[in-house]
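Presented below is the structure to which this report refers.
Computed from a predicted model, the values in this text were never measured in an experiment.
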Amino acid sequence: MEALLKRELGCSSVKATGHSGGGCISQGQSYDTDKGRVFVKVNPKAEAKRMFEGEMASLTAILKTGTVKVPKPIKVLDAPGGGSMLVMEHVDMRYLSSHAAKLGSQLADMHLENKKLGDTLHKEASTVGKGGQIDRPFVNQFGFDVVTCCGYLPQVNDWQEDWVAFYAQQRIQPQMDMVEKGSGDREALELWAALQLKIPDLFRDLDIVPALLHGDLWGGNVAEDSSGPIIFDPASFYGHSEYELAIAGMFGGFSSTFYSAYHSRIPKSPGFEKRLQLYQLFHYLNHWNHFGSGYRGSSLNTMRNLLK
């Protein structure tokens with residue numbers, strides 16, 4: 001591994017440190033190099049390259065917003081013995097506590113950043129004779145340039161103008177297809193057939209501007225260091241900002257100060273709680289498809305509640 005990193009990163013010295021980590025998807029290890037400490041995530045699966053390329057694109061996109069700190073991605077490489085690895089900057093992280101409110105503010109800034117680009121563009125277009133130049137283009141559709149993975153399952157990120165269609169067709173439907181293939185669960189399929197007809201009602205009178213999302217913001221993917229909050233392991237795409245808060249509320253880890261700071265910048269729109277359930281449905285189904293039928297009850301209950 002050291003020789004591979006030396007060659008690929010153009011370093012003259014690489015040495016493994018005692019720092020290691022990992023979750024239920026990949027394992028990680030830190031290395032000291034003459035160009036600084038790096039963190040290497042390794043996954044032996046054949047499809048790991050797609051997963052890591054999606055993560056690298058996500059980290060790069062978040063980094064460009066200049067809002068929330070993320071580890072700087074460096075390179076996706078073929079791993080010795082098969083699979084792939086993602087090399088990134090090593091960041092010393094600790095449990096998120098004192099910087100929770102700052103994370104709420106910075107996350108809201110990240111979600112508003114594309115809207116601000118659009119507003120600037122609109123203002124410049126209406127200013128006669130001003131040939132202004134903005135650094136990055138405004139994104140006026142929902143999706144992402146590459147496939148990203150929530151867990152190890154790929155997400156379809158084909159660009160679409162309509163958020164409701166994007167969410168139903170490219171988030172819930174692929175999960176339901178996996179449920180059908182895996183267990184042929186009749187009740188789940190019947191509930192989904194009924195729910196599809198009701199989804200547009202949840203979005204009446206809402207003007208949704210595409211927001212860059214982390215995409216998998218649960219308590220295990222946030223941390224802090226002395227300078228402030230850090231987010232990592234993203235599965236990014238441009239979507240509805242409310243989507244981000246769905247998994248955040250499912251497994252804990254976020255304090256009231258986080259939410260207060262976030263909503264002081266992006267206030268809740270009418271129907272927020274119901275839409276949050278709709279967005280949590282994706283994560284329950286994704287967990288069902290990752291970890292088995294222990295998440296079936298939560299998935300079906302969520303659909304039943306939405307149909308009330």
* Working for side-chain hydrogen bond (donor to acceptor under 3.5 Å, both in side chains), residues Asp225 and Ser227 -> CA-CA 5 Å; Asp225 63 9; Ser227 68; 2.7 Å; yes

* Residues in ring pair (Phe, Tyr, Trp, His ring centres under 6.0 Å) contact with Phe52, at least two apart in sequence or another chain -> none

* Structure fact -> With sequence neighbours left out, the residues meeting ring pair (Phe, Tyr, Trp, His ring centres under 6.0 Å) with Tyr167 are Trp163, Tyr279

* Inspect the contact between Arg296 and Glu187 and indicate whether a charged nitrogen and a carboxylate oxygen are less than 4.0 angstrom apart. => yes

* Asked: Do Val222 and Pro229 touch side chain to side chain, with heavy atoms closer than 4.5 Å?
  -> no

* Leu5 and its side chain to side chain contact (heavy atoms under 4.5 Å, CB included) partner, picked from Lys75, Met85, Lys15 -> Met85

* Sequence-distant partners of Ser12, side-chain contact (heavy atoms from CB on, under 4.5 Å), two or more places apart -> Asp34

* Taking everything shown except Glu161 itself, do over 12 heavy atoms lie less than 6.0 Å from its CD? -> no

* Asked: Can you check whether His283 and Phe251 have ring centres sitting under 6.0 Å from each other?
  -> no

* Asked: Between the side chains of Gln170 and Asp158, does any donor sit under 3.5 Å from an acceptor?
  -> no

* **Residues which pass ring pair (Phe, Tyr, Trp, His ring centres under 6.0 Å) with His111, listed by chain and number, not counting sequence neighbours** => Tyr262

* Asked: Quick check, are the ring centers of Tyr243 and Phe166 under 6.0 angstrom apart?
  -> no

* Answer yes or no: is there a side-chain heavy-atom contact under 4.5 Å between Lys198 and Leu307? => yes

* May I have the step-by-step check of salt bridge (charged side-chain N to carboxylate O under 4.0 Å, His left out) for Lys69 and Glu224, ending in yes or no? => CA-CA 9 Å; Lys69 183 173 179 175; Glu224 66 180 32; over 6 Å; no

* Any ion pair linking Lys181 and Asp177 (charged N to carboxylate O, less than 4.0 Å)? -> no

* Asked: Hey, mind stepping through Val139 and Asn114 against side-chain contact (heavy atoms from CB on, under 4.5 Å) and telling me if it holds?
  -> CA-CA 7 Å; Val139 176; Asn114 186 54; 3.7 Å; yes

* Structure fact -> By ring pair (Phe, Tyr, Trp, His ring centres under 6.0 Å), Phe254 pairs with (sequence neighbours left out) Phe258

* Can Asn157 and Arg171 be said to form a side-chain hydrogen bond (donor to acceptor under 3.5 Å, both in side chains), step by step? -> CA-CA 9 Å; Asn157 287 327; Arg171 286 296 174 268; 2.6 Å; yes

* **Validation row: Leu96, Leu103 side chains within 4.5 angstrom (heavy atoms)** => yes

* Contacts of type salt bridge (Lys or Arg N to Asp or Glu O under 4.0 Å), residue Lys102, not counting sequence neighbours -> none

* Asked: Side chains of Gln277 and Thr302: donor-acceptor distance under 3.5 Å anywhere?
  -> no

* Asked: Under 30°, 30 to 60°, or over 60°: which ring-plane class applies to Tyr259 and His263, parallel, tilted or perpendicular?
  -> parallel

